Amino acid sequence: MATEIRFRLNGKPATLPYNPERTLLRALRTDLGLTGTHYGCGIGECGSCTVVVDGKAVRSCVTTLAEIQGKDVITIEGLAKGDRLHPLQRAFIEHGAFQCGYCTSGMLMNAYALTKEKKTLSREEIIDGMEDNLCRCGAHQRIIAAIEEVAGAKGGRS
Amino acid sequence: MTTSLNLDRREFVKLLGGGIVVLLTTSPSELFAQQRQYPTDVNAYLHIAPDGRITVFSGKIEMGQGVMTSQAQMAAEELGVSLGRIEMILGDTDKCPWDMGTFGSLTTRMFGPALRAACAEARLILMQLASEKLGVPREQLVVDDGIVSVKGDASRKLTYGQLAKGQAITRTLDEKAVLRSVAEFKVMGRSPKRMDGVEKVTGRAKYAADITLPGMLSARILRPPAHGAKLVSVDTARAEKVEGLTLVNQDGLVAVLHADPETAGQALQTIVAKWEVRKVDVDQDSIFDYLVKKAPEPDVRDTRGDLAAARKDAAKLFELTWRSGYKAHAPIEPHAALAEVKDGKATVWAATQTPFPTRDAVASAIGFDPANVRLITPYVGGGFGGKSSAPQAVEAARLAKIVGKPVQVEWTREEEFFYDTFDPAAVVKIASAVDAEGRITLWEYDVYFAGARSTEVFYDAPNARVRVFGAWRGAGADTHLFAVGPWRAPGANTNVFARESQIDVMAAAAGIDPLEFRLRNTKDERMRRVLKAAAGAAGWKAAPGPSGQGRAIACGIDAGTYAALVAFVKVDEATGTVKVERVVCAQDMGVVVNPDGATMQVEGCITMGLGYVFSEELRFEGGKILDKNFDSYKLPLFSWVPKIETVLVKNDELAPQGGGEPAIVPMGAVIANAVFDACGARVDRLPMTPERLLAAIRAPKAKEPAAG
Ligand code: FES
Ligand code: FES
């Protein structure tokens, strides 16, 4: 039986004590000090805790450490390469695709997974793919525009 | 916003290396503790370091409305520097001038003038100092990005940094500084990228729950199953066995604290508590009659003309009742706080819209002088009025004082729904009449528990009366079964839903196009302008309703700003569902500080408004809240969002007005009116759930409101 949880976190190996039932959200925020991933509902409904595991967007509040054993985890802290922002991050700033910013990490990570899965996305695919991420401030229109700029049929990756 | 500097203002000033603020001899908390107005001392608002960096202090907080950037723009404009030189410190009670709170679209309207005046005065004094040092009259000096130079000889110059370091700002000038005019604007009136952008897209932005201290404990607090419940007995034996757990059971506060929040949460589950629940037989459907019965004596406001005569003369009296349920603020960030009580001082980091009142509440709860409490506000993850109240800060401080360690309180989403200060359920009853020319002859308006906001009669009804039965805060503690509070434009959403729906009912009955009907009935020039601007931008096609176009118009005044909305909808009459396709907003908000920021607020208003129009209504049984999370309380989703277009109607003669709320208030009516225009069904209760809309569609007299 494993005595540790081993996985890759933002490109580097990471280890946590074997606590398979612990949620990934708590492990990230409390054990690893990565507070860019936010709690919003704790039941997988809001998406503000979204991280990317093996290329797929998952809700870290309902993901246990057992589920990430040996996997590759990317959080908002791992999206930029050093000071170089990811095109999605730049597009979010360019379009003003956030207000309070609390949902933003989850929006970006969900969008990141979407654009990993498929290089070019129609507007409908973007809306569909983002549908279950909540934003109370109402930045939706600009979030769609930002993602379109990076992965839309017209713009393409900048 | 600083979250790391744990210094008092004087140390802070030393740290920045001197400059003009260094002359503050009293500590700011002493300076502001007793003061309940904006200070006149410019030093309270800004500090200029020798290297020319400018720190601006404001008691307002950043919760998404963009005031970090817009306030920096105002300061930069008046000082004559570029935006890049400004750093903002917001919502820190030890550093910032006193402020009552960030609500009511007041930042730009009320604090803005004080901030601009202070910065304009600082600029004038700096120019005077430069004039003395350079031996050149002030008129011959120009300032560019904080560098004062002699006109025509740029080599003779002094920077603000050099000036501030060399001279004291205690000096006063006889003349009053003049604010920059719109024509002179270099930083205001533009849309720079938000100053909080990089932090927010990289996850570096700190919210209250992200702040930690060594040795900190996470607290979970025992909560009642319903409002009004009394604790009969509590058994904490099992929780006490959890390793490393601290139990608090004092004056009704039962909490478990642990270094690990998950362990604290699990320990809380093991507590067995017995409660005595007060039974009150009322729910989200019976609440309206319940409230009307509880109505206090009305506050009679706008009375004019002869109501009885107008009633008698009316060919037809339109007597309608409009209702809307409780709504949650539901910011995605729940309330959170961290408190440390040490050496007779308390420091609290809290998600709050009211740093100073929250500081005072903390002080009184733990028996401290407010001067010994510092409230620091990190980024706030949405407020909408719901963080005007911040009891989690008091909880954290009380617990920190009891256990002698820093304590973090993070509300769960369930706690957030339970302790929210909901937008009140409310009822509006209107009796009105219209003459053969389509002019309103009578306007009798009774509102129950939505308060007076947006009840002003700007339509030219010669016979009118407005009676306000109970404020939006209720009338005494027992009006509502749980807490209510300010929700983005308190009460105005309900009042405007009622008024603008009633206007459309009359327009339709009179066979007059709804835009034409409004124009015929108001001489208010600002209103006429926004109505025409919205209609023009939307490509309005005149026709009496229901025209089958599925379009409508509604308007309102809020926070000094005029807004008119045109919406286009498609109704599925088989399912009672509605798709809003396009919303055009025309808004006159006076001088616009940041056009893109203002546009974002409009978009936010319209998107948030979709929630209370279609789905948001708190369900409850007496004091028991049934909606506990987003699985049953539904916020607007991406697929709901229409194409939103914003027209900012130029009005540079008027000082900047509020922008955070005006565009949300006509949402109820504009959508209800558009649904009527599409299919002839009139909804009189928000939210218009598919069931309610279907009932209206199937109502025998489809053009009259259906009983919901
Ligand atoms: S916190 Fe995980 S989905 Fe809401
Ligand atoms: S930006 Fe505030 S919740 Fe999305």
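Note on naming: letters A, B, ... go to the chains in the order of the sequence lines (proteins, then strands), and numbering restarts at 1 for each one. Please read all numbers here as calculations on a predicted model, not as lab measurements.
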Counting heavy atoms not belonging to K56(A), are there more than 12 under 6.0 Å from its NZ? no
Heavy-atom pairs under 4.5 Å with chain A, option from P636(B), A330(B), A205(B), G382(B) with the top count: A330(B)
Donor-acceptor pair, E125(A) side chain versus S122(A) backbone, under 3.5 Å? yes
Which bit of Y207(B) is near chain A, if near means a heavy-atom gap under 4.5 Å: side chain, backbone, both or neither? side chain
Side chain, backbone, both or neither: which part of A209(B) has an atom under 4.5 Å from a heavy atom of chain A? both
Do E414(B) and N629(B) have a side chain donor and acceptor closer than 3.5 Å? yes
Toward chain B, the part of R142(A) with a non-hydrogen atom under 4.5 Å: side chain
Side chains of Y39(A) and E410(B): any donor to acceptor distance under 3.5 Å? no
I want to know whether F417(B) and Y633(B) have ring centres closer than 6.0 Å. yes
Heavy-atom cut-off 4.5 Å, strictly under: side chain, backbone, both or neither for L85(A) against chain B? side chain
Using 30° and 60° as the class limits, which term best fits the ring planes of Y419(B) and W411(B): parallel, tilted or perpendicular? tilted
What residue in G36(A), C100(A), A97(A) has the most heavy-atom pairs under 4.5 Å with chain B? C100(A)
For the candidates M608(B), R413(B), K628(B), which exhibits the highest count of non-hydrogen atom pairs separated by less than 4.5 Å from chain A? R413(B)
Taking every non-hydrogen pair under 4.5 Å, which of L635(B), T607(B), I332(B) racks up the most with chain A? I332(B)
Top contributor to chain A interface from I606(B), D596(B), L610(B), T599(B) [non-hydrogen pairs under 4.5 Å]: D596(B)
Which answer fits F384(B), side chain, backbone, both or neither, if we ask what part of it has an atom under 4.5 Å from a heavy atom of chain A? side chain
Considering only heavy atoms, which portion of L108(A) lies under 4.5 Å from any heavy atom of chain B: side chain, backbone, both, or neither? side chain
If you define the side chain from C-beta out and look only at heavy atoms, does anything of D128(A) sit under 4.5 Å from F638(B)? no
Under 4.5 Å to a heavy atom of chain B? For E124(A) that would be neither
Highest number of heavy-atom pairs under 4.5 Å with chain B among M107(A), H38(A), E45(A) belongs to E45(A)
When only pairs under 4.5 Å are counted, which of T412(B), I644(B), V641(B), V198(B) shares the most heavy-atom pairs with chain A? I644(B)
For H335(B) and E416(B), test the side chains for any donor-to-acceptor distance below 3.5 angstrom and give the result as yes or no. yes
Whether the side chain of R220(B) engages the backbone of E262(B) through a donor-acceptor N/O pair (distance < 3.5 Å, no angle test) should be reported. no
Residue part contacting chain B, namely of T23(A), when any heavy atom lies under 4.5 Å: both
Between T64(A) and E21(A), do the side chains contain an N or O donor and an N or O acceptor separated by less than 3.5 Å? no
Between S48(A), G138(A), A139(A), the one whose heavy-atom pairs under 4.5 Å with chain B are most numerous: G138(A)
Y379(B) and D196(B): side-chain donor and acceptor closer than 3.5 Å? no
Counting only non-hydrogen atoms closer than 4.5 Å, does R204(B) touch chain A with its backbone (N, CA, C, O), its side chain (CB onward), both, or neither? neither
Residue from P331(B), G609(B), P261(B), G597(B) scoring the most non-hydrogen pairs under 4.5 Å with chain A is P261(B)
